[in-house]
Amino acid sequence: MRLSELIGERYKEKPADCTIESHALMVRGGYIKQVNTGVYTLLPPARRITHKIERIIREEMDAIGGQEVLFPVVLPADLWKESGRFTSVGKELVRLTDRMGADMVLGMTHEEAAVHLARDAAKSYAKYPFMIYQIQTKFRDEPRARGGLIRVREFTMKDAYSFHTTQADLEAYYERCYAAYERIFKRAGCKNVIAVLSDSGMMGGKIAHEFMLLTDIGEDTLVLCDNCGYKANIEACASVVDNTSLSDTEELTLVPTPGMATIEEVAGFLKKPHNATCKAVVYQKNDDDGYVISFLRGDLEIHETKLRNAVGAEIHAGSVTPESGIVAGFIGPMGLDTKKITVVFDRSLEGIGALVCGANKADHHYTGFNIERDYGKVAYADVARAIPGGICPVCGKPALRIENGIEVGNIFQLGEKYTRSMDMQYLDENGALQYPTMGCYGIGVGRLAASVCEESHDEYGPLWPITIAPWEAQICVLRADQEEPKRVGEELYAALTKAGVETIIDDRTVSAGVVFSEADLIGAPIRLTVSPRNLVNGMVELTTRDKRVKKQIPVSETLAAVLELKAQLFAEIEGVL
RNA sequence: CGGGGUGUAGCGCAGUUUGGUAGCGCGUUUGGUUCGGGACCAAAAGGUCGCUGGUUCAAAUCCAGUCACCCCGACCA
């Protein structure tokens with residue numbers, strides 16, 4: 001490729017509206033151009049990167065027995081009605097009608113399509129197990145796209161679906177896919193990726209992992225145990241606390257607490273620690289606005305997804321009206337109308353005594369509140385956020401650490417959710433009808449590209465790993481207006497290209513500053529600088545984008561040196577070739 | 001969907017308070033001088049000032065509505 005002919009320009013200034021580095025660099029470098037909120041055109045450099053990522057994914061999926069297919073983007077709503085998701089999924093599923101008025105959907109994920117294919121193709125146990133996958137454009141009408149390719153509405157995704165006759169077989173395959181994912185991220189040069197336990201969300205099923213790139217700009221919150229290595233999305237992490245030191249025999253007492261409406265104020269006023277208070281958080285159900293009040297220990301916070309799961313309904317932050325009978329700031333368990341209000345007690349209150357809680361009466365709290373003694377037996381739920389330094393739900397040590405991550409891939413054990421709802425059955429060895437069990441496995445291709453950029457860049461541009469770099473080598477010709485540098489540059493370009501090195505040559509007659517700045521934005525890991533200064537001695541300069549290598553090479557030995565460096569850079573990422 | 005912000009040339013912005021010929025930097029085109037980290041000089045091209053309506057002799061500027069985009073939150077395989 002000649003930079004003089006490459007479509008798209010590179011910008012000196014940081015574009016407005018770019019708040020994260022990978023987004024800014026990919027716009028500045030001429031990788032992406034926004035068309036709409038969360039909708040981008042990929043220019044050649046980005047497309048070359050995603051092609052390479054897709055190739056790695058294909059190799060690894062094929063290596064675990066995957067068979068590539070291509071499902072339709074537009075699917076009949078009937079399939080989604082079968083699975084129940086036509087109504088259960090929110091507005092992120094785009095629904096439309098065709099000219100005959102038939103309901104259609106844009107496929108945001110393809111479990112239904114996979115079952116549609118597989119239920120006719122796998123009626124005998126002898127066909128199992130098998131995995132089918134595709135790499136395809138998805139459209140999800142996200143409520144809020146952001147961050148360039150990190151979170152978009154239209155994107156390319158690899159989605160895979162496996163079918164099994166036993167749970168054990170699914171689990172064994174799940175492990176193979178887990179290992180394949182680790183290889184994919186390693187080969188793509190995405191270094192700091194970990195697998196965490198996840199909440200299965202709308203996908204259904206039980207066991208699920210998300211592959212997370214650890215980064216401060218990540219949208220997901222992760223809980224990691226420094227003691228035992230437990231890793232989970234905070235949505236899936238049990239909040240464990242130790243209340244044994246807080247129990248006592250204090251009497252239930254109504255005390256005036258004028259104007260003390262927050263935990264901070266009440267605890268200060270009564271000279272109690274925050275973890276000896278009972279906090280109330282008000283939500284409302286989305287469907288009928290019914291109140292949900294959750295009680296938890298005063299030093300903790302609610303995790304809404306966990307509360308949503310506990311309540312079993314969609315909820316939103318509640319607004320307390322005078323008619324509700326709820327006394328904001330003084331809400332407590334004692335005397336609440338549980339016929340009208342759904343009450344959820346967090347596990348952090350279990351076994352605790354001598355609590356301070358609201359009295360459901362303005363300017364009053366109780367002290368000495370003991371749930372079991374004063375209120376009665378309750379079923380506790382886990383609805384609090386895990387906290388830094390908190391107790392690990394697996395090893396029991398207070399060694400939890402909180403980090404942020406970008407979800408670059410996920411794997412789910414779906415179970416029979418879709419095969420049952422869509423009536424997919426096979427005949428087993430005994431001639432009996434059985435439902436197969438499923439797994440599904442996703443990777444966002446563009447998000448992975450942006451994640452690598454986010455992880456590996458400097459102030460001048462991306463530091464692409466050679467495995468996915470848009471070009472492996474870039475020839476920077478300084479003084480392309482002069483005969484000799486121009487000729488040598490062209491000769492090297494021809495030689496490298498012929499030798500299978502993906503090369504882009506900057507053959508423009510622009511100043512050295514422009515040549516180097518734009519080369520940094522393009523981020524080819526190998527750089528050859530051809531200049532009159534070096535050619536005086538018959539040399540060219542061979543460098544790596546990250547500056548680890550910087551040496552003068554005789555022109556005649558350049559090709560061999562580049563091939564050696566290329567092999568070395570590949571080996572660093574993929575191991576011995 | 002709630003809160004905040006922004007829409008003026010390909011990109012970054014000024015001009016809006018106080019209505020009066022649409023500007024600056026980068027980029028682009030042409031000519032010349034430079035030449036190893038975003039050079040310099042000269043000339044030039046490029047804009048329905050997001051859109052609609054209103055007020056006015058006159059609207060980028062004032063008023064009303066509307067659309068789009070960005071950020072925070074909600075939401076999210």
Side-chain angles (χ1 to χ4, degrees), chain A residues 7-20 23-24 27-28 30 33-39 85 89-93 107-111 138 140-148 150-153 155 157-161 198-205 208-211 219-220 233 235 283-284 286 304-305 308 314-319 407-412 414 417 439-444 447 459-461 476-482 485 506 508-521 527 529-536 540-541 543 547 550:
Chain A
I7 192 75
E9 58 183 311
R10 287 146 302 283
Y11 301 96
K12 186 172 171 180
E13 291 173 278
K14 178 178 172 176
D17 301 336
C18 292
T19 53
I20 69 174
H23 183 195
V27 172
R28 281 189 54 207
K33 180 175 171 65
Q34 182 170 6
V35 179
N36 200 321
T37 301
V39 178
R85 289 205 295 186
V89 174
K91 285 170 127 176
E92 57 271 24
L93 175 64
M108 56 189 289
T109 171
H110 280 76
E111 283 75 12
K138 298 275 189 285
R140 297 184 184 179
D141 197 1
E142 295 284 351
R144 191 171 158 216
R146 70 194 105 175
I150 296 291
R151 182 169 201 78
V152 288
R153 294 195 296 171
F155 57 101
M157 182 178 181
K158 184 282 297 178
D159 46 323
Y161 307 91
S198 73
D199 179 51
S200 54
M202 77 166 188
M203 303 301 293
H209 286 84
E210 291 162 339
F211 287 79
E219 297 183 301
D220 286 281
N233 193 310
E235 296 170 4
Y283 287 87
Q284 285 177 278
N286 283 7
E304 281 195 26
T305 302
R308 183 170 295 112
E314 289 298 308
I315 52 167
H316 60 274
S319 57
E407 182 186 347
V408 289
N410 55 41
I411 53 178
F412 288 86
L414 289 174
K417 174 181 159 99
C440 76
Y441 318 88
I443 291 179
R447 180 184 285 186
E459 60 185 302
Y460 304 109
C476 295
V477 180
L478 305 186
R479 301 308 306 270
D481 57 318
Q482 292 184 7
D506 190 347
R508 301 171 302 170
T509 55
V510 293
S511 74
V514 173
V515 170
F516 290 132
S517 299
E518 298 201 2
D520 287 344
L521 282 169
R527 180 178 304 175
T529 305
V530 180
S531 67
R533 188 212 276 176
N534 293 330
L535 285 175
V536 167
V540 297
E541 186 176 285
T543 54
K547 305 287 193 281
K550 181 167 185 172

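The figures that follow rest on heavy atoms only: side chains count, while hydrogens, waters and symmetry mates do not. Everything quoted here is computed from the prediction, not taken from an experiment. Residue numbers start from 1 in every chain, and the chains themselves are labelled A, B, ... in the order their sequence lines are given, proteins ahead of strands.
Nucleotide A68(B) is matched to U6(B) when pairs are restricted to Watson-Crick or G-U wobble geometry with both distances under 3.5 angstrom. For C13(B), the paired nucleotide is G23(B), the pair qualifying as Watson-Crick or G-U wobble because both relevant distances are below 3.5 Å. U33(B) and A39(B) make up a base pair, with Watson-Crick or G-U wobble contacts both under 3.5 Å. Base pairing of G73(B): its partner is C1(B), meeting the Watson-Crick or G-U wobble criterion (both donor-acceptor distances under 3.5 Å).
Checked against salt bridge (charged side-chain N to carboxylate O under 4.0 Å, His left out), R153(A) has the following partners two or more places apart in sequence or in another chain: D141(A). Not counting sequence neighbours, R533(A) has no partner by the side chain to side chain donor-acceptor pair (under 3.5 Å) test. Take D481(A) and apply the side chain to side chain donor-acceptor pair (under 3.5 Å) test, not counting sequence neighbours, and it matches R479(A). For L521(A), the side chain to side chain contact (heavy atoms under 4.5 Å, CB included) partners two or more places apart in sequence, or in a different chain, are R10(A), L25(A), R28(A). Residues satisfying the salt bridge (charged side-chain N to carboxylate O under 4.0 Å, His left out) test with R527(A), not counting sequence neighbours, are D520(A). Not a single salt bridge (charged side-chain N to carboxylate O under 4.0 Å, His left out) links E13(A) to another residue, sequence neighbours left out. Residues forming a side chain to side chain donor-acceptor pair (under 3.5 Å) with D159(A) (at least two apart in sequence, or on another chain): Q134(A), K138(A), Y161(A).
Separating the CD atom of E142(A) from the P atom of C70(B) is a distance of 13 Å, rounded to the nearest angstrom. To the nearest angstrom, C1' of G12(B) lies 11 Å from NZ of K12(A). Rounded to an integer number of Å, the gap from CZ of R28(A) to P of G10(B) is 20 Å. The CZ-P distance, from R508(A) to A39(B), rounds to 12 Å in whole Å. Taking atom CD1 of residue I150(A) and atom P of nucleotide C70(B), one finds them 15 Å apart after rounding to whole Å. Note: OH (Y11(A)) to C1' (C26(B)) measures 11 Å, nearest angstrom. Per the geometry, CD belonging to E9(A) stands 13 Å off C1' belonging to A9(B), to the nearest Å. Straight-line distance from the NE2 atom of H316(A) to the C1' atom of C75(B): 13 Å, rounded to whole Å.
In summary, the side chains of T109(A) and E111(A) do present a donor paired with an acceptor at a separation below 3.5 Å, with no hydrogens or angles considered.
Here, C24(B) and U33(B) have their P atoms 27 Å apart, quoted to the whole Å. Nucleotides G46(B) and U29(B) are separated by 10 Å at their C1' atoms, to the nearest Å. Between G65(B) and G3(B), the two P atoms lie 15 Å apart (nearest whole Å). The gap from the C1' atom of U34(B) to that of G38(B) amounts to 15 Å, rounded to the nearest Å. Taking atom P on both G20(B) and C49(B), the two are 15 Å apart, rounded to the nearest angstrom. A68(B) sits 16 Å from U52(B) when the P atoms are compared, rounded to a whole Å. Rounded to whole Å, the separation between the P atoms of C57(B) and U48(B) comes to 27 Å. Between U16(B) and A60(B), the distance separating the two C1' atoms is 7 Å to the nearest Å.
With a 4.5 Å cut-off on side-chain heavy atoms, E304(A) and Y283(A) count as touching. Between F516(A) and T529(A), the closest side-chain pair of non-hydrogen atoms falls below 4.5 Å. Side-chain contact between H23(A) and T19(A) is absent, with no heavy-atom pair separated by less than 4.5 Å. The shortest side-chain heavy-atom distance between R508(A) and V514(A) falls under the 4.5 Å cut-off.
Closest to the side chain of E13(A), out of G10(B), A68(B), G12(B), is G12(B). Nearest nucleotide to the side chain of Q34(A), out of C75(B), C69(B), C13(B): C69(B). The side chain of A16(A) approaches C13(B) more closely than any other nucleotide in the set C13(B), C69(B), A74(B).
In this structure, I411(A) reaches neither bases nor backbone, as no heavy-atom distance under 4.0 Å exists between it and the strands shown. Across all strands shown, F155(A) has heavy atoms under 4.0 Å from base atoms, whether or not it also approaches the sugar-phosphate.
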Close N/O contacts between protein and nucleotides 3-8 of chain B (under 3.5 Å):
none

Please list each protein N or O that sits under 3.5 Å from an N or O in nucleotides 29-37 of chain B, with the distance.
unit_1, atom_1, unit_2, atom_2, d
C35(B), N3, R479(A), NE, 3.0
C35(B), N4, R479(A), NH2, 3.0
C35(B), N4, D481(A), OD2, 3.1
G36(B), O2', R533(A), NH2, 2.7
G36(B), N7, S531(A), OG, 3.2
G36(B), O6, S531(A), OG, 2.1
G36(B), O6, N534(A), OD1, 3.4
G36(B), O6, N534(A), ND2, 2.3
G36(B), N1, E541(A), OE1, 3.4
G36(B), N2, E541(A), OE1, 3.2
G36(B), N2, E541(A), OE2, 2.9
G37(B), N1, D520(A), OD2, 3.1
G37(B), N2, D520(A), OD2, 2.2

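Residue T19(A) is the one, among T305(A) and T19(A), whose nearest nucleotide of RNA chain B lies closer to the 5' end (criterion: closest heavy atom). Both A145(A) and M157(A) sit near RNA chain B, but only A145(A) has its closest nucleotide nearer the 5' end.
Applying the 3.5 Å distance criterion, the base of G27(B) shares no donor-acceptor pair with the side chain of R10(A).
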